[in-house]
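Shown next, in structure tokens, is the structure this report addresses.
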Amino acid sequence: MSSASWAHRIFSHVKSKEFRTYLCSTHFWGPVANWGLPLAAIADMKRDPDIISGKMTGALSIYSLLFMKFALSVKPTNYLLFACHAVNEVCQLTQGYRFINYH
């Protein structure tokens with residue numbers, strides 16, 4: 001497949017009514033808004049572990065596990081939401097490890 005053909009297919013997809021409908025849906029904007037959680041957790045990994053709340057880390061870990069399951073259960077499957085919570089889960093588990101290791 002030539003690069004021009006590949007680029008044309010992507011451009012055609014982005015111009016499609018289905019893609020515009022997706023961009024205007026909560027199926028897209030909900031996960032985009034949720035990315036604040038894992039981004040904050042990633043930023044917090046550079047901070048001292050004495051500021052980590054064990055209870056909040058545990059709660060966010062459970063929250064992300066539940067929403068990962070939800071993202072795979074809804075129709076159509078929301079892979080953007082799943083990815084957001086999978087990244088957050090890894091971050092929370094890392095923070096949990098740092099919390100336990102510190103205390």
- Query: Knowing that exactly one of Met56, Gln95, Gln92 qualifies, which makes a side chain to side chain contact (heavy atoms under 4.5 Å, CB included) with Ser61?
  - Reply: Gln92
- Checking Leu80, Leu39, Leu81 against Asn34 for side chain to side chain contact (heavy atoms under 4.5 Å, CB included), the one that qualifies is Leu81
- Task: Following the transitive rule for hydrophobic clusters with a side-chain heavy-atom cut-off under 4.5 Å over Ile, Leu, Val, Met, Phe, Trp and Tyr, establish whether Phe67 and Val74 coincide in one cluster.
- Result: yes
- Asn78 side, atom CG; Phe28 side, atom CZ - distance, nearest 0.5 Å: 10.5 Å
- Query: Can you name the closest pair of heavy atoms from Pro38 and Cys84 and give their distance?
  - Reply: CG-O, 3.7 Å
- Item | Student check: side-chain heavy atoms of Trp35 and Val87 closer than 4.5 Å | yes
- For residues His85 and Tyr63, determine if any side-chain heavy atom of one lies less than 4.5 Å from a side-chain heavy atom of the other. yes
- Message: Tell me whether Met45 at atom CE has more than 12 heavy atoms from other residues, nucleotides or ligands lying less than 6.0 Å away.
- Response: yes
- Under a 4.5 Å side-chain heavy-atom rule over Ile, Leu, Val, Met, Phe, Trp and Tyr, are Met68 and Phe70 clustered together? no
- When rounded to the nearest 0.5 Å, the distance separating CD1 of Ile52 from OG1 of Thr94 is 10.0 Å
- OG/Ser53 to CG/Asp44 distance, rounded to the nearest 0.5 angstrom? 11.0 Å
- Message: Working to the nearest 0.5 angstrom, can you tell me the gap between Glu89 CD and Phe82 CZ?
- Response: 10.0 Å
- Rounded distance [0.5 Å steps], OH in Tyr79 versus OG1 in Thr77: 4.5 Å
